[in-house]
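Below: one structure, written as structure tokens.
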Amino acid sequence: MRYSQLFGKTSKTVPSDADSVNAKLLTQAGFVQKEISGVYNYLPLGLRVLTNIQNIVREEMNKIDGQEILMPAMTSEEGWVTTGRNTMDVLFHLKGQGDSNLVLNPTHEEVVTPLAQKYLFSYRDLPVAIYQIQNKFRNEVRAKSGLLRGREFNMKDLYSFHTDETDLNRYYEIVKKAYFEIYKRIGLGDITVLTFASGGAFSQFSHEFQTLNDNGEDTIYLCPKCKVAVNKEIIDSQKTCPECGNDKLEAVKATEVGNIFKLRTKFSEAFKFVYSDAQGKEKIVEMGCYGFGPSRTMGTIVEVCHDNKGIIWPSSIAPYQVHLIGLDLFDDKIKSQAEKLYQDLLNKNIEALFDDRLDITAGTKFADADLIGNPIRLVISKRSLEKGGVELKNRNEESSEIFSLDEIISKIVH
Ligand code: ATP
Ligand code: MG
């Protein structure tokens with residue numbers, strides 16, 4: 001992509017209402033633009049990151065036999081009346097034609113349970129796991145912190161259906177592992193911890209995945225030895241580490257980026273969702289649900305991966321792998337060498353953002369590259385060519401090195 005043609009540009013002005021690092025940097029770097037409180041437009045750079053996160057999540061869900069579907073965001077209120085959750089504060093209500101009552105779904109148990117009921121009848125049909133990646137709507141009391149707490153936000157929600165609790169427990173552990181793999185792949189592995197949270201009426205615990213960061217909204221109590229934590233809500237009933245019994249838990253700040261839950265029969269009972277077992281006897285279906293927030297995760301990554309110059313994207317989710325800065329492009333010889341390098345990168349399928357602007361100073365181009373935060377910066381200029389080729393610098397390092405035009409590609413592809 002040529003920066004000169006990119007829709008969405010960097011801005012030197014700090015947005016006056018940016019209440020968090022992610023809101024400030026993502027807006028200034030041209031990734032998102034706020035529509036209304038808690039609702040954002042994703043510009044090309046921002047959508048690329050969101051899509052990269054979603055695709056990693058998708059791959060890991062597919063590996064554990066999750067089947068992707070897409071449910072409607074807007075449905076009838078009926079399912080919510082059935083479960084009694086239609087009075088939930090965060091539920092957005094709409095009026096349809098003929099006075100029908102509609103909702104914008106904040107989560108999809110009320111939709112997925114009756115849907116699954118249309119296809120799953122016998123023990124032979126189970127287990128099944130279905131998921132979607134979609135925008136959710138919640139009328140949050142206080143939308144805040146950029147992408148961290150939105151009123152419209154992106155979620156991956158997986159639901160699993162089982163013949164019995166043992167099978168639910170088996171699959172739950174598989175999902176837990178898949179989640180750790182996701183956090184590892186998106187660059188949050190080392191600072192994301194399994195956190196024991198309240199399990200509601202039907203199971204002892206639910207599990208949150210909490211990313212440690214000083215600006216986090218949640219307080220969790222971490223066992224430094226096991227790297228597991230206990231959520232503030234249950235610290236009174238669970239004062240020690242659930243893994244090793246250690247009673248010296250440390251209070252730390254964190255952001256919830258995922259939440260998995262054994263629903264057991266809470267929703268299958270409400271909808272009378274039963275299957276017939278091998279003896280032809282009716283049994284109630286056991287369910288699990290597993291949420292992950294791609295948009296909140298994107299914001300969280302910015303909260304933890306930045307410096308005073310801008311964002312530092314982990315390479316697995318970066319909008320582009322390479323930020324190619326061309327300087328002195330009014331010189332035809334330099335321009336043609338820069339153009340050739342850009343083409344070489346494209347030909348090798350290396351995703352590159354090429355700052356080909358003619359009317360912009362070198363200083364601004366460097367500042368924009370740091371703000372946007374792609375992992376590898378290449379500079380081709382009169383000076384770099386005199387020194388023997390192209391300058392390569394990683395966003396997260398200070399030092400740079402010159403490589404010849406012939407070898408530069410091999411330094412990027414490993
Ligand atoms: P919270 O306690 O932070 O309000 P929650 O426990 O209600 O979140 P879940 O229903 O478990 O959230 O949703 C699954 C995931 O969706 C969360 O782990 C989080 O990553 C994401 N998420 C939830 N609410 C929001 C929101 N308002 N904005 C952005 N992401 C959200
Ligand atoms: Mg939660």
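Given the structure is predicted, the values throughout are model-derived calculations rather than measurements.
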Checklist entry - With a 4.0 Å cut-off, would you call D370 and R395 a salt bridge? => result yes
Item to check | Non-hydrogen atoms of P314 and I186 that approach each other most closely | outcome: CG-O, 3.5 Å
Next on the checklist: Does atom CG (D89) have a neighbourhood of more than 12 heavy atoms from anything else shown, all under 6.0 Å?
Outcome noted: no
Checklist entry - Any salt bridge between R149 and E217, counting N to O under 4.0 Å? => result yes
Item to check | Pairwise side-chain contact, I372 with L45, heavy-atom cut-off 4.5 Å (strictly under) | outcome: yes
Checklist entry - Do any N or O atoms from the side chain of Q117 and from the backbone of F271 form a donor-acceptor pair under 3.5 angstrom? => result yes
Item to check | Any donor-acceptor N/O pair, Q132 side chain to M71 backbone, under 3.5 Å | outcome: yes
Next on the checklist: Does any part of the side chain of I408, heavy atoms only, come nearer than 4.5 Å to the side chain of L341, both counted from C-beta?
Outcome noted: yes
Next on the checklist: Given F292, which partner from the list Y183, Y131, F153, F180 fulfils the ring pair (Phe, Tyr, Trp, His ring centres under 6.0 Å) test?
Outcome noted: Y183
Checklist entry - Stepwise, does the ring-ring contact (aromatic ring centres under 6.0 Å, His included) test hold for F205 with F196? => result CA-CA 6 Å; F205 296 119; F196 288 70; 4.9 Å; yes
Item to check | Where T192 and L188 come nearest, the two heavy atoms and their spacing | outcome: OG1-O, 2.8 Å
Checklist entry - Under a 4.5 Å cut-off applied to non-hydrogen side-chain atoms, are Y159 and T113 in contact? => result no
Checklist entry - Sub-3.5 Å donor-acceptor pair from the side chain of K177 to the main-chain atoms of I174, do we have one? => result no
Next on the checklist: Can you confirm whether K34 is buried at NZ, in the sense that more than 12 heavy atoms of other residues, nucleotides or ligands lie under 6.0 Å from that atom?
Outcome noted: yes
Item to check | L222 side chain near V228 side chain, heavy-atom distance below 4.5 Å | outcome: no
Next on the checklist: Run the side chain to side chain donor-acceptor pair (under 3.5 Å) test on T240 and D247 for me, step by step, so that the C-alpha distance in whole Å, both residues' side-chain angles and the decisive distance to 0.1 Å come before the verdict.
Outcome noted: CA-CA 4 Å; T240 59; D247 60 1; over 6 Å; no
Next on the checklist: Tell me if the CE atom of M74 is crowded by more than 12 foreign heavy atoms within 6.0 Å.
Outcome noted: no
Checklist entry - Can you find a pair of side-chain heavy atoms, one from M61 and one from I182, that are under 4.5 Å apart? => result yes
Next on the checklist: Using only atom types and a distance under 3.5 Å, with no angle test, would you say the side chain of N52 pairs donor to acceptor with the backbone of A318?
Outcome noted: yes
Checklist entry - Of all heavy-atom pairs between Q28 and L371, which one has the smallest distance, and what is that distance? => result O-CD2, 3.6 Å
Next on the checklist: I'd like to know if D368 pairs up with K365 as an ion pair, taking the criterion as any Lys NZ or Arg NE/NH1/NH2 lying under 4.0 Å from an Asp or Glu carboxylate oxygen.
Outcome noted: no
Checklist outcome for this item: Residues T297 and G293: closest non-hydrogen pair is OG1-O, 2.6 Å
Checklist entry - In terms of the angle between their ring planes, are Y172 and H207 parallel, tilted or perpendicular, with boundaries placed at 30° and 60°? => result tilted
Item to check | Over all atoms of both residues, closest heavy-atom pair of V90 and P106 | outcome: CG2-CB, 4.4 Å
Item to check | Salt bridge flag under 4.0 Å for residues K266 and E109 | outcome: no
Checklist entry - Are any non-hydrogen side-chain atoms of S295 and Y42 less than 4.5 angstrom apart? => result yes
Next on the checklist: Using salt bridge (Lys or Arg N to Asp or Glu O under 4.0 Å), reason through K283 and D164 one step at a time and then give a plain yes or no.
Outcome noted: CA-CA 9 Å; K283 292 234 171 96; D164 53 36; over 6 Å; no
Checklist entry - Do side-chain atoms of E286 reach the backbone of L168 as a donor and acceptor pair under 3.5 angstrom? => result no
Checklist entry - Would the number of heavy atoms belonging to other residues, nucleotides or ligands and lying under 6.0 Å from CZ of R2 be above 12? => result yes
Checklist entry - In terms of the angle between their ring planes, are F31 and W313 parallel, tilted or perpendicular, with boundaries placed at 30° and 60°? => result tilted
Checklist entry - Is R377 salt-bridged to E391, going by a charged N under 4.0 Å from an acidic O? => result yes
Item to check | Cationic N near anionic O, under 4.0 Å, E351 to R48 | outcome: yes
Next on the checklist: Tell me whether the rings of H162 and Y171 are parallel (<30°), tilted (30 to 60°) or perpendicular (>60°).
Outcome noted: tilted
Item to check | T300 vs L148, side chain to side chain contact (heavy atoms under 4.5 Å, CB included): CA-CA, chis, key distance, verdict | outcome: CA-CA 7 Å; T300 305; L148 300 190; 3.5 Å; yes
Checklist entry - Side chain of H306, backbone of N22: donor and acceptor closer than 3.5 Å? => result no
Checklist entry - Hey, does the side chain of E256 reach the backbone of E208 with a donor-acceptor pair shorter than 3.5 angstrom? => result no
Item to check | Worked check of side chain to side chain donor-acceptor pair (under 3.5 Å) between N154 and Q54 | outcome: CA-CA 9 Å; N154 193 249; Q54 290 168 336; 2.9 Å; yes
Checklist entry - Do N213 and T255 pass the side chain to side chain donor-acceptor pair (under 3.5 Å) test, and can you show the C-alpha distance, the side-chain angles, and the key distance before you say yes or no? => result CA-CA 7 Å; N213 78 95; T255 305; 2.8 Å; yes
Checklist entry - Do any N or O atoms from the side chain of R151 and from the backbone of V39 form a donor-acceptor pair under 3.5 angstrom? => result no
Checklist entry - Checking N62 side chain against Q67 main chain: does a donor-acceptor pair fall under 3.5 Å? => result no
Item to check | Shortest non-hydrogen contact from K393 toward S399 | outcome: CG-O, 3.6 Å
Item to check | Step-by-step side chain to side chain donor-acceptor pair (under 3.5 Å) determination, T265 to S268 | outcome: CA-CA 5 Å; T265 58; S268 37; 5.0 Å; no
Checklist entry - Side chain of N246, backbone of K248: donor and acceptor closer than 3.5 Å? => result yes
Item to check | E282 atom CD, over 12 foreign heavy atoms within 6.0 Å | outcome: no
Checklist entry - Would you say the side chains of Y275 and T163 form a donor-acceptor pair under 3.5 Å? => result no
Next on the checklist: I need the single residue from I325, L324, I360, D355 that forms a side-chain contact (heavy atoms from CB on, under 4.5 Å) with Y3. Which is it?
Outcome noted: D355
Checklist entry - If you draw a 6.0 Å radius around NZ in K232, do more than 12 non-hydrogen atoms from other residues or ligands fall strictly inside? => result no
Checklist entry - Are R185 and E59 close enough, and set up right, to give a salt bridge (Lys or Arg N to Asp or Glu O under 4.0 Å), and what steps lead you there? => result CA-CA 11 Å; R185 287 184 63 187; E59 279 174 26; 2.8 Å; yes
Checklist entry - Got a sec: does the NZ of K95 have more than 12 other heavy atoms crowding it under 6.0 Å? => result yes
Checklist entry - Distance only, no hydrogens: is a donor on one side chain within 3.5 Å (strictly under) of an acceptor on the other, for Y342 and D344? => result no
Item to check | Residues, nucleotides or ligands: over 12 heavy atoms within 6.0 Å of D214 CG | outcome: no
Item to check | Among T195, I234, N259, side-chain contact (heavy atoms from CB on, under 4.5 Å) partner for S206 | outcome: N259
Item to check | Note, I376 side chain near I412 side chain (heavy atom, < 4.5 Å) | outcome: yes
Checklist entry - Between Y179 and F209, is the gap from one ring center to the other below 6.0 Å? => result yes
